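Every value quoted in this text rests on a predicted model; they were computed, and no experiment measured them.
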Amino acid sequence: EKIDAKMFVNGLTGVQFCALPENDFYTRAETQLGDNEEIVEIAKRLYLGLWTLIVDAKTRKRRPDGSIITPEQEQEERRQLELAKVEKARIWAEREKHLRSDNGI
């Protein structure tokens with residue numbers, strides 16, 4: 001059997017649907033498919049899958065525009081920041097060296 005997604009969500013927004021209490025979620029599944037053991041198991045898998053996606057979405061690092069930052073991108077950004085820091089330190093050391101020589105220190 002299939003769940004009619006439109007009927008299951010019943011006009012709720014995504015946020016409202018994700019905030020449904022667990023019992024309401026199961027009630028909606030049972031209303032559409034019945035309450036035999038197989039259906040209850042499907043509803044549990046759906047609910048756990050939904051929460052897996054919610055947690056995954058909330059724990060991913062994102063840019064201000066909402067795009068996801070992959071671990072590889074994050075590692076490359078850290079590497080670039082470290083290179084920039086090293087270059088800045090080199091420039092400041094060079095600047096200090098020139099300041100000392102200009103002041104006769």
Side-chain angles (χ1 to χ4, degrees):
E1 295 184 55
K2 292 174 87 177
I3 290 180
D4 178 350
K6 286 185 180 183
M7 190 171 140
F8 194 75
V9 173
N10 195 24
L12 297 176
T13 66
V15 172
Q16 291 170 326
F17 183 72
C18 290
L20 268 179
E22 188 172 1
N23 288 336
D24 290 357
F25 187 92
Y26 294 141
T27 299
R28 286 172 184 251
E30 290 172 2
T31 299
Q32 278 195 35
L33 304 172
D35 64 351
N36 69 47
E37 215 172 291
E38 182 182 348
I39 298 307
V40 171
E41 202 49 47
I42 291 170
K44 283 181 183 179
R45 285 197 311 256
L46 276 172
Y47 189 77
L48 290 174
L50 173 67
W51 273 98
T52 299
L53 292 172
I54 291 169
V55 169
D56 183 56
K58 289 190 171 283
T59 57
R60 288 195 181 265
K61 294 192 176 192
R62 296 179 183 271
R63 291 193 172 80
D65 68 359
S67 61
I68 293 173
I69 301 172
T70 66
E72 294 80 17
Q73 290 169 327
E74 186 178 12
Q75 184 177 12
E76 178 59 22
E77 287 174 11
R78 269 196 233 114
R79 190 182 75 75
Q80 291 295 330
L81 284 172
E82 186 61 33
L83 288 174
K85 189 168 91 175
V86 167
E87 179 60 16
K88 189 174 185 177
R90 187 193 66 74
I91 290 169
W92 276 98
E94 192 67 29
R95 180 179 178 268
E96 288 293 321
K97 187 170 103 177
H98 286 294
L99 285 174
R100 284 191 195 118
S101 66
D102 288 347
N103 291 332
I105 300 175

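Atom CD of Glu87 has more than 12 neighbouring heavy atoms from other residues, nucleotides or ligands inside a 6.0 Å radius. Environment of CD in Glu37: sparse, with no more than 12 heavy atoms of neighbouring residues, nucleotides or ligands closer than 6.0 Å.
For the pair Asn36 and Ile39, the tightest heavy-atom approach, listed with the atom from each and the gap, is OD1-N, 2.9 Å. For the residue pair Gln32 and Asp4, the shortest heavy atom distance occurs at OE1-N, 2.8 Å.
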- request: Go through the steps to decide whether Arg79 and Glu82 satisfy the test salt bridge (charged side-chain N to carboxylate O under 4.0 Å, His left out), and finish with yes or no.
  value: CA-CA 5 Å; Arg79 190 182 75 75; Glu82 186 61 33; over 6 Å; no
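The closest side-chain heavy-atom distance from Gln75 to Thr70 is not below 4.5 Å. Using a 4.5 Å heavy-atom threshold, the side chains of Lys85 and Leu81 count as separate.
Annotation: side chain to side chain donor-acceptor pair (under 3.5 Å) contacts of Arg78 (sequence neighbours excluded): Glu74.
The pair Glu77-Arg63 meets the salt-bridge criterion, since a charged nitrogen lies less than 4.0 angstrom from a carboxylate oxygen.
Note that CG of Asp24 and CG of Asn10 are 11.5 Å apart. Values are rounded to the nearest 0.5 Å. Rounded to the nearest 0.5 Å, atoms CD (Glu76) and CD1 (Ile69) are 13.0 Å apart. Atom-to-atom distance recorded for Leu33:CG and Phe8:CZ is 8.0 Å, nearest 0.5 angstrom. Here Ile68 contributes atom CD1 and Asp56 contributes atom CG; the two are 7.0 Å apart, rounded to the nearest 0.5 Å. We find the SG-NZ distance between Cys18 and Lys58 to be 8.5 Å, quoted to the nearest 0.5 Å.
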Please report, to 0.1 Å, the donor-acceptor pairs under 3.5 Å made by any side chain of residues 41-55, with sequence neighbours excluded.
unit_1	atom_1	unit_2	atom_2	d
Tyr47	OH	Trp51	NE1	3.2
Thr52	OG1	Leu48	O	2.8

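Between Phe17 and Phe25, the ring-plane angle classifies as tilted under the 30° and 60° cut-offs.
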